[in-house]
Amino acid sequence: MTATGGCLCGTVTFECDELGAAGYCHCEDCRRCTGSAFNVSVRCAASGFRILSGEPASFTKSGDSGCELTRYFCQSCGSPLFTSSLRDPAVIYVKAGVLDDPETVRPALQAWTRSKVVWANIPSDIESFEEGRGSTA
Amino acid sequence: MTAVSGQCLCGAFRFTVEGPLENVRLCHCDFCRRGNGSAYSANCRVPVERFSVVRDDSALRHFESSPGARRHFCGTCGSPVFAKVDGDPDHIRIRLGTLDREAAAEIVAHVWVGSKASRDLISDDLPQFDERAA
């Protein structure tokens, strides 16, 4: 089922054919990128992801895994929107918070828990990885 | 007085905050969810005199999400760093995610939980408010 989303100011909107696995990430870069305790991202095939309006800005930096990540955000309102990875260019990681229907997301794991802050609020009954998620999902 | 430091993702904007980080509300409203891309915004309201800019490469931009409320973010890397409200000029609302990891904060409540996503399970004992905190 097609999912839609967009930034806070409405300039950038997108749709993706099908949402895949979702998870929390506590790494420092995700914290700074969202300004919050953690990032919640959802996998989507790049071939099924389309920008419908606007042109997001981007910033590229290597994450804790050593992999180079490009983070896309709205240059008018700052909303973080999605991330792409050189390691897996066929996948887009959509920021769950900008989906129009947040109820479609069901995070199944959390990553980089060794970096989480003491004030993070996370469910206690989902799978956890101290570093990357490995080959899961 | 103890100071903690923070910065955006790319480091173009760096700051320090003095004193305790108290009365932090985790806001689940739609603006904070979209503005941060995550489950909630972790906001700490501090007096402006306790907030000091260490580095500013003129990258900051802002968006007025509601009248008189401006969300400031880095135009280079997108990090949301703080917000200012016209009706409350003596305070600044910093985003806790931009602080260095060692910073400790007193979280007191979840607010606007009526807007939260069902995936966003709240498993602590903090007070919850459908809208603003009482």
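First the proteins, then the strands, lettered A, B, ... as listed; each starts at 1.
Counted within 6.0 Å of CD on A:Glu18, heavy atoms from surrounding residues, nucleotides or ligands total 12 or fewer; the atom is thus considered open. Dense packing is recorded around CD of B:Glu49, with more than 12 heavy atoms of other residues, nucleotides or ligands lying under 6.0 Å away. More than 12 heavy atoms of other residues, nucleotides or ligands shown are found within 6.0 angstrom of CZ on B:Arg55. Around NZ of A:Lys61, the count of heavy atoms belonging to other residues, nucleotides or ligands within 6.0 Å exceeds 12.
Residues A:Ser79 and B:Arg34 come closest through the heavy atom pair OG-O, 2.7 Å. What you find for A:Thr34 and B:Asn36 is that their closest heavy atoms are O-ND2, 2.8 Å. When all heavy atoms of A:Gln75 and B:Arg61 are compared, the pair lying nearest together is O-NH1, 2.8 Å. Of all heavy-atom pairs spanning A:Phe73 and B:Cys77, the tightest one is CE2-C, 3.5 Å. Across all their heavy atoms, B:Phe73 and A:Cys77 have their closest contact at CE2-C, 3.3 Å. Nearest heavy atom pair, residue A:Ala37 against residue B:Tyr40, reads CB-OH, 3.4 Å.
Listed options B:Gly6, B:Gly75, B:Pro80, B:Ala42 were ranked by heavy-atom pairs under 4.5 angstrom with chain A; first place goes to B:Pro80. Here A:Ser76 is the residue among A:Gly5, A:Ser76, A:Cys7, A:Cys74 with the most heavy-atom pairs under 4.5 Å with chain B.
Using a 4.5 Å cut-off between heavy atoms, B:Leu96 contacts chain A through both its backbone and its side chain. With a 4.5 angstrom heavy-atom cutoff, B:Phe63 touches chain A via backbone and side-chain atoms both. The parts of B:Cys10 that come within reach of chain A are both its backbone and its side chain, each placing non-hydrogen atoms under 4.5 angstrom from that chain. At a 4.5 Å heavy-atom cutoff, the contact between B:His62 and chain A is made by backbone atoms alone. When heavy atoms are compared at a cutoff of 4.5 Å, B:Cys74 approaches chain A solely by way of its backbone atoms N, CA, C and O. For A:Phe59, the parts lying near chain B are the backbone and the side chain together; criterion is any non-hydrogen pair under 4.5 Å. If you measure heavy-atom distances from A:Leu99 to chain B, the contacts under 4.5 Å come from the backbone alone. For B:Leu99, the part lying near chain A is the backbone, with the side chain staying farther off; criterion is any non-hydrogen pair under 4.5 Å. Residue contact with chain A, scored on non-hydrogen atoms closer than 4.5 Å, is absent for B:Glu106. Using a 4.5 Å cut-off between heavy atoms, B:Asp100 touches chain A through backbone and side chain atoms alike. If you measure heavy-atom distances from A:Thr60 to chain B, you find no contacts under 4.5 Å at all.
Formation of a donor-acceptor pair under 3.5 Å by the A:Arg31 side chain with backbone atoms of B:Thr98 is not found in this model. Remark: the backbone N or O of A:Val98 is not paired with any side-chain donor or acceptor of B:Arg33 at under 3.5 angstrom. A donor-acceptor pair is defined here as one N or O able to donate and one able to accept, closer than 3.5 Å; no such pair exists between the side chain of B:Ser38 and the backbone of A:Ser36. Of the possible polar contacts, one joining the A:Arg32 side chain to the B:Gln7 backbone as a donor-acceptor pair under 3.5 Å is found.
Linking ILVMFWY residues whenever their side-chain heavy atoms come closer than 4.5 Å, directly or via other members, places A:Phe38 and B:Leu26 in the same cluster. One hydrophobic cluster holds both A:Val105 and A:Phe49 under the rule that ILVMFWY side chains link at heavy-atom gaps under 4.5 Å. A:Tyr72 is connected to A:Leu19 through a chain of hydrophobic side-chain contacts under 4.5 Å among Ile, Leu, Val, Met, Phe, Trp and Tyr, so both are in one cluster. Residues A:Leu69 and A:Leu86 fall into different hydrophobic clusters, defined by Ile, Leu, Val, Met, Phe, Trp and Tyr side chains chained together at heavy-atom separations under 4.5 Å. When hydrophobic clusters are built by joining Ile, Leu, Val, Met, Phe, Trp and Tyr residues whose side-chain heavy atoms come closer than 4.5 Å, directly or via intermediates, B:Val81 is grouped together with B:Ile92.
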